[in-house]
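Down below is the structure, laid out as structure tokens.
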Amino acid sequence: MPTLRLGDRGSGVAEIRAILSARGLLSDPVRTTGSSAANAPVPNAAALSRDGVAHHEAVFDADCDRAIRAFQQERGLIADGIVGHATYTALREASYRLGSRVLLYRLSAPMTGDDVATLQSRLQNLGFYHGLVDGTFGETTHSAVLLYQGEYGLSADGICGPETLKSLDRLGSRVTGGSPHAIREEEAVRQSGPRLTGKRILIDPGSDDATPEENALMWDLAARLEGRMSAAGMETFLSHDRQSAPSDDERARVANMVGADLMVSLRLAHYPNERANGAATFYYGSAHGSYSTIGRNLAGYIQREVVARTHLLDCRSHERTWSLLRLTRMPVVVLEAGYITNPHDARILSDPQHRDTIAEAVLVAVKRLYLAGENDRPTGTYTFSDLLAAEQISY
């Protein structure tokens with residue numbers, strides 16, 4: 001799928017217009033070359049190609065651009081109006097409704113879509129599904145379907161087909177108290193105790209599209225963070241070696257193989273306008289109302305500590321559905337430690353002492369997560385020396 005944007009035409013534009021229209025974000029699904037905004041032609045069967053797309057070239061007009069931006073905002077994507085890989089994938093997932101296809105577990109290429117998310121929500125409300133409502137039909141969803149089928153006298157094959165859907169429709173929804181996934185996440189952190197010793201953390205420096213300069217800065221920050229975490233007794237891992245530039249999907253696979261307790265991804269932001277500046281953190285959260293509770297908590301701690309200790313603008317914490325956040329089995333936070341395209345942020349990031357400060361801020365934030373409000377101190381005042389001293393105390 002090529003990248004599509006304002007002014008483009010073709011069958012790819014027709015596909016995204018149809019999806020946006022079905023979601024109520026676009027009133028005219030068949031806007032084509034030569035049609036007026038007020039009186040767009042509706043094609044008949046003879047005017048359609050074999051795949052149902054009008055022979056006229058569909059247009060990516062201003063209405064489509066606004067609809068794409070609204071969709072991106074709704075889905076936790078960068079609202080730039082450009083349909084690249086991430087936005088197109090999200091559009092395809094949004095086009096599926098529960099019952100429009102048979103859902104099953106495929107190890108090599110898991111099925112994703114809004115229909116999967118709806119199924120997960122139904123099973124969660126009934127007490128069978130305990131994972132994130134992330135729209136991915138993985139092993140946890142497969143197991144939940146098996147349990148449901150066995151409980152309600154269906155053929156227990158883990159496949160959500162017509163009979164399973166009929167059973168779910170007949171049963172309706174039973175609202176339960178709170179998200180089981182959130183409860184499990186919080187309980188896991190509580191039971192692990194306040195000490196950092198023995199905690200396993202994956203550090204993920206840079207991104208696959210970063211420049212050599214950006215990667216050098218983030219690898220240096222990662223080394224400073226790794227050194228401090230190791231000194232505090234944590235078991236640290238890196239998501240890749242310095243010579244490779246894996247995709248976010250590949251980084252998520254590595255994280256799941258390591259089995260870390262937490263993952264922190266270190267990145268830099270860009271923007272065409274050099275005035276854009278500041279630090280921001282991101283955690284998993286979807287339009288389905290599901291989010292990582294621990295991811296959100298840790299993102300908030302990191303954000304507050306970094307802003308309190310540096311001269312970076314507070315760009316706050318945000319929910320996102322990025323594959324790095326969605327495909328990992330542990331809480332993940334992405335820290336964008338500043339805009340490399342902004343002179344002020346670039347000066348801060350180029351200073352080794354400031355990178356030391358950011359590394360200390362991240363470590364203290366992780367400590368705050370496990371302290372869970374006990375023996376805590378005001379933001380920006382907990383030092384590395386304080387932390388090391390606390391780690392020697394027997395809780």
Side-chain angles (χ1 to χ4, degrees), residues 76 117 120-121 124 129-136 138 140 176-204 225 229 232-237 239 248 251-252 254-267 279-307 316-336 361-376 379 382 387 395:
Q120 290 170 332
S121 292
Q124 184 182 82
Y129 180 70
H130 305 293
L132 274 174
V133 179
D134 58 6
T136 300
T140 304
T176 60
S179 163
H181 181 269
I183 294 169
R184 287 161 61 117
E185 268 196 340
E186 292 172 339
E187 183 62 14
V189 168
R190 189 191 68 80
Q191 289 190 0
S192 69
R195 296 194 67 183
L196 294 181
T197 302
K199 302 291 195 298
R200 296 162 61 87
I201 188 161
L202 185 76
I203 303 171
D204 174 44
L225 178 58
M229 288 185 163
M234 301 185 77
E235 191 175 355
T236 60
F237 306 87
S239 62
D248 280 357
R251 293 168 194 249
V254 169
N256 292 335
M257 288 172 56
V258 168
D261 298 306
L262 300 170
M263 178 177 180
V264 176
S265 185
L266 306 170
R267 303 194 172 186
T281 52
F282 304 89
Y283 60 95
Y284 177 78
S286 74
H288 311 297
S290 181
Y291 60 87
S292 168
T293 303
I294 297 304
R296 183 182 67 175
N297 292 347
L298 180 57
Y301 289 136
I302 292 176
Q303 184 67 24
R304 291 192 292 273
E305 288 292 340
V306 168
V307 170
R316 304 184 185 279
S317 298
H318 307 274
E319 294 182 350
R320 289 292 183 265
T321 57
W322 300 335
S323 57
L324 182 68
L325 303 172
R326 184 175 69 170
L327 299 178
T328 43
R329 299 194 192 105
M330 73 291 300
V332 180
V333 172
V334 174
L335 166 63
E336 288 190 349
V362 173
L363 176 61
V364 167
V366 172
K367 179 65 174 178
R368 288 192 185 282
L369 177 73
Y370 287 105
L371 280 173
E374 298 180 7
N375 302 317
D376 216 342
T379 300
Y382 202 17
L387 187 147
Y395 289 91

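In this text the structure is predicted, and so the values were computed from the model without any measurement.
Partners of A255 by side chain to side chain contact (heavy atoms under 4.5 Å, CB included), not counting sequence neighbours, listed by chain and number: L202, M263, T328, M330. Applying the side chain to side chain contact (heavy atoms under 4.5 Å, CB included) rule to T379 yields the partners R304, E305, A308; only residues at least two apart in sequence or on another chain are considered.
In this structure the side chain of Y370 never reaches within 4.5 angstrom of the side chain of R195, judged on heavy atoms. At a threshold of 4.5 Å between non-hydrogen side-chain atoms, the residues V264 and V362 count as touching.
The two atoms that bring D248 and S323 nearest to each other are CB-OG, 3.5 Å, heavy atoms only. Residues S265 and D204 approach most closely at OG-OD2, 2.6 Å, considering heavy atoms. Across Q120 and T136, no two heavy atoms sit closer than the pair NE2-O, 3.0 Å. Nearest heavy atom pair, residue L371 against residue P194, reads CD2-CB, 4.1 Å.
Of the possible donor and acceptor atoms, none in the side chain of Q124 sits under 3.5 Å from a partner among the backbone N and O of L132. The main-chain N or O of R329 is found under 3.5 Å from a side-chain atom of N256 such that the two form a donor-acceptor pair. T281 places a side-chain N or O within donor-acceptor distance of the main-chain N or O of A299, the cut-off being under 3.5 Å. Here the side chain of K199 pairs a donor or acceptor atom with the backbone of S192 at under 3.5 angstrom. Side-chain N or O atoms of S292 include none that pairs as donor or acceptor with a backbone N or O of P331 at under 3.5 Å. With hydrogens and angles ignored, the 3.5 Å screen pairs no side-chain donor or acceptor of Q303 with any backbone N or O of L298.
Within the model, atoms CG of L363 and CE of M229 stand 5.5 Å from one another, a figure rounded to the nearest 0.5 Å. To the nearest 0.5 Å, the span separating CG on L327 from OH on Y284 amounts to 9.5 Å. Distance check: L225 CG to T236 OG1 gives 8.5 Å after rounding to the nearest 0.5 Å. Between atom OG1 of residue T197 and atom CE of residue M234 there is a gap of 9.0 Å, rounded to the nearest 0.5 Å.
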Apply side-chain contact (heavy atoms from CB on, under 4.5 Å) to residues R368 and Y382 and explain how you reach the verdict.
CA-CA 9 Å; R368 288 192 185 282; Y382 202 17; 4.0 Å; yes

Could you walk me through whether I201 and F237 pass the side-chain contact (heavy atoms from CB on, under 4.5 Å) check?
CA-CA 6 Å; I201 188 161; F237 306 87; over 6 Å; no

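Between Y283 and Y291, the two ring planes are perpendicular [angle over 60°; tilted spans 30° to 60°].
The residue from I302, L369, L325 that alone fulfils the side chain to side chain contact (heavy atoms under 4.5 Å, CB included) condition with V333 is I302.
Remark: E336 does not engage R267 in a salt bridge, criterion side-chain N to carboxylate O under 4.0 Å.
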